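The structure presented is a predicted model; accordingly, all values stated were derived computationally and were not measured. Letters A, B, ... mirror the listed sequences (proteins, then strands); counts begin at 1.
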Amino acid sequence: MNALALRMLLGDRAKFLGIVFGIGFAAFLITQQVSIFVGLMARTFGFLTDASLPQVWVMDPKVQFIDDLKPLQDTQLYRVRGVEGVAWAMPLYKGLLRARLANGAFQTCNVIGIDDSTLIGGPPEMLHGRIEDLRRADGVVVDDVGASGKLARPAPVDPSTGKPIGKPTPLRVGDFLELNDHRAVVVGICRVSRTFQSQPVVYTTYTRAVTFAPRERKLLSFVVASVSPGRDVESVAARIRAQTGLAAYTSGEFKRMTVLYFMRYTGIPLNFGIAVVLGFLVGTAIAGQTFYNFTLDNLRQFGALKAMGTGNLRLLRMILLQALLVGFIGYGLGVGSASLFAFVPLGELAFMLLPQTLAITGAAIVLICLAASLLSIQKVMRLEPAIVFKG
Amino acid sequence: MSLRGSASATLPPPAAQPADAGVAVHCKGVVKGYNTASTRVMALRGVDLQIRAGELMMLVGPSGCGKTTLISVIAGILDRDEGECSVFGHDFAAMSSGQRTRFRGENVGFVFQAFNLLPALTAAQNVAVPLLINGLPQREAIKAGREMLARVGLGDRTDSLPRELSGGQQQRVAIARALVHKPRLIVCDEPTSALDHDTGHVIMRLLKSVALDKDRALVIVTHDARIFGFADRIALMDDGHITGISRPETPTATPAAN
């Protein structure tokens with residue numbers, strides 16, 4: 001009887017494809033939107049992902065997320081180093097500084113100052129040059145997107161038309177920059193994770209970064225630390241909090257805190273949530289309507305089966321099997337096509353497909369199939385087999 | 001639950017054993033009504049009818065006289081309100097819903113006016129449906145379906161879909177489906193009304209030759225006067241009653257009698 005149920009379903013190709021399309025569309029939209037949401041949220045802590053070495057981030061207790069900068073006094077670095085269980089602790093500067101371009105325009109840059117001696121907190125991947133070259137006079141490392149985009153040398157302008165001739169020239173190793181009226185030499189080009197901030201990222205040493213920055217009493221953005229081997233990271237972070245009065249989070253905690261901040265204050269989850277709910281509703285409507293029509297079209301056949309001795313339980317199993325098949329195929333097609341976004345060669349696309357997303361989509365599809373088959377089940381359960389005698 | 005099979009232990013014992021052991025269907029004072037929005041319409045108003053094993057009984061009468069309701073009650077797909085009705089001594093009213101469903105599956109064959117073949121299944125698969133319902137493995141069921149199709153003259157069309165068959169061929173498939181599980185009662189609803197005269201006669205000859213034997217009864221509801229001659233007896237119905245029972249050779253109906 002199971003084979004019979006499947007043949008009934010596959011026999012009506014138009015409706016079968018309609019139901020699969022509805023479910024596939026829902027699966028696609030839910031997976032794609034949730035994955036882009038996750039990808040965007042992951043961008044909020046892109047800098048934390050890049051700086052993978054530190055296990056503990058120490059900051060002002062009022063800091064709410066990674067870009068919420070409330071500098072500390074330099075002496076806090078030594079207090080953290082004095083906490084038992086801390087293997088090492090380094091200063092880190094993070095701030096927005098203005099760069100002057102060759103055409104006289106200004107571009108705000110996200111300047112990261114890392115420990116001069118260890119260079120901990122540096123970029124995850126160097127494309128040109130070496131990170132050690134930051135120790136050269138005025139050395140900075142610029143991210144590739146910034147170097148070929150907002151920090152690129154503008155193309156020369158045709159005086160007669162006033163329009164640029166050719167394309168901007170990307171910054172290269174050896175080029176100069178002017179950061180907050182200070183000379184900087186590009187010693188390397190790096191690749192970094194995309195962040196919510198669209199500014200170019202410029203790495204330099206901590207000492208040089210604080211000289212680039214406007215003069216302030218406090219310039220230490222974070223103290224990054226690692227714990228001694230065998231020590232529990234969370235308990236060392238708790239000890240730092242207790243002894244210094246500062247906030248200290250593990251990398252994971254700081255990432256979560258950042259994501260929660262963006263989720264709470266930006267309305268992004270609501271917007272994506274609406275798209276996901278719409279996908280769910282549209283999928284349910286298409287699949288439910290088509291599945292119900294399929295049942296209505298086959299009502300006499302169901303009636304005949306009932307008359308010939310098929311019980312309600314068996315008919316229920318047949319309908320659920322049909323729903324399971326279309327759900328399975330629709331889920332596969334939807335998730336499969338959504339996952340193709342991961343291969344789209346667009347650097348700007350925030351797309352991160354997690355196993356949890358597949359599970360969420362699967363649960364949604366199960367709900368859609370149940371909702372779609374519910375009306376059909378109700379109709380068939382209440383069906384009087386005597387209908388088959390009505391010409 | 002089959003009347004022939006080992007599962008009959010689960011079936012309640014025959015409740016009202018008719019006096020004549022050869023009686024296939026025994027109805028006495030059967031009443032059935034339907035509720036509409038404002039009133040209750042009586043479809044059967046005390047029907048008395050007896051059909052013997054080996055007999056082909058036709059129910060005839062004007063539209064709305066209760067023919068379809070009567071075969072629905074006899075076939076166990078509709079509950080009666082009052083009266084007695086048993087099939088080979090088994091009363092549907094004494095059975096649970098599940099028992100009734102199984103009883104129908106094993107002991108009743110159906111031939112419908114609109115054939116009601118499953119469009120996505122081949123002829124052999126359609127014929128195999130009652131066997132699948134009764135739990136036979138698919139391979140065996142389809143093999144039996146092919147054999148039954150050969151018996152009704154469609155041995156060369158076993159893999160055809162219903163839409164590839166003519167009306168007469170589809171009705172032959174439906175007859176094969178009604179017979180494949182060897183039911184003891186076959187109910188047919190207007191089996192020839194969708195067919196032309198010649199095809200109708202072919203179908204009736206087939207039904208009589210293949211379906212009828214001494215242990216099996218056929219009940220046919222029809223308007224089609226062209227096939228009256230195939231009946232052993234004809235029950236005339238009007239306004240929920242059987243008004244007379246005649247033999248086709250006899251032009252005048254005799255008073256209703258059991």
Side-chain angles (χ1 to χ4, degrees), chain A residues 1-20 290-291 293-319 321-323 325-326 329 376-377 379-391, chain B residues 1 34 63 67-73 75-79 97-122 125-126 128-135 138 141-142 161-163 174 177-178 181 183 187-190 193-194 221 223:
Chain A
M1 293 301 279
N2 291 344
L4 192 148
L6 297 183
R7 282 204 190 95
M8 279 175 79
L9 178 68
L10 297 171
D12 191 341
R13 258 185 220 156
K15 288 210 170 52
F16 170 71
L17 292 176
I19 303 166
V20 167
T290 320
F291 201 68
N293 281 343
F294 165 77
T295 304
L296 286 185
D297 286 353
N298 286 286
L299 214 52
R300 289 189 73 88
Q301 276 74 34
F302 280 118
L305 288 174
K306 264 192 161 183
M308 289 190 287
T310 310
N312 271 345
L313 197 63
R314 192 178 270 184
L315 288 173
L316 174 73
R317 282 211 307 265
M318 287 171 69
I319 293 172
L321 180 69
Q322 291 171 336
L325 178 76
V326 290
I329 296 174
S376 300
I377 288 170
K379 189 82 182 171
V380 171
M381 294 298 107
R382 291 184 176 175
L383 177 68
E384 279 287 345
I387 185 180
V388 289
F389 285 140
K390 290 167 187 162
Chain B
M1 193 176 289
Y34 299 102
S63 294
K67 306 184 296 292
T68 299
T69 303
L70 181 56
I71 59 161
S72 298
V73 170
I77 58 178
L78 212 55
D79 292 331
S97 170
Q99 286 174 325
R100 201 180 314 162
T101 302
R102 279 181 57 195
F103 184 88
R104 275 203 314 269
E106 292 170 352
N107 298 295
V108 184
F110 293 88
V111 178
F112 308 108
Q113 178 183 358
F115 320 135
N116 287 335
L117 300 175
L118 295 169
L121 304 190
T122 65
Q125 288 165 344
N126 264 295
V129 166
L131 297 174
L132 294 173
I133 291 172
N134 288 327
Q138 187 172 328
I142 291 177
L161 293 171
R163 64 168 181 271
R177 182 180 64 182
H181 55 305
V187 292
C188 309
D189 180 40
E190 305 277 6
S193 65
V221 165
H223 278 104

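- Of the two parts of B:Leu161, neither the backbone nor the side chain holds a non-hydrogen atom closer than 4.5 Å to a non-hydrogen atom of chain A.
- For a residue to count as touching a neighbouring chain, one of its non-hydrogen atoms must lie under 4.5 Å from one of that chain's; by this rule B:Gln138 touches chain A with the side chain only.
- Ranking A:Gly303, A:Pro385, A:Ala307 against chain B, the residue ahead of the rest is A:Ala307, based on heavy-atom pairs under 4.5 Å.
- The minimum heavy-atom distance between B:Ala120 and A:Gly11, with the atom names listed, is CB-CA, 3.5 Å.
- Around atom NZ of A:Lys379, no more than 12 heavy atoms belonging to other residues, nucleotides or ligands sit under 6.0 Å away.
- Put simply, the side chain of B:Asn134 gets close to the backbone of B:Gly105: a donor and an acceptor are under 3.5 Å apart.
- Interface residue B:Val187: only side-chain heavy atoms are found under 4.5 Å from chain A.
- The distance from the OG1 atom of A:Thr295 to the CD1 atom of A:Ile377 is 9.0 Å, given to the nearest 0.5 Å.
- If you measure heavy-atom distances from A:Leu313 to chain B, you find no contacts under 4.5 Å at all.
- Only the side chain of B:Leu78 comes within less than 4.5 Å of a heavy atom of chain A; its backbone N, CA, C and O stay farther away.
- Atom-to-atom distance recorded for B:Arg102:CZ and B:Ser97:OG is 12.5 Å, nearest 0.5 angstrom.
- A distance of 9.5 Å separates CG of B:Leu118 from CD of B:Gln125, quoted to the nearest 0.5 Å.
- Only the side chain of B:Leu121 comes within contact range of chain A, with heavy atoms under 4.5 Å apart.
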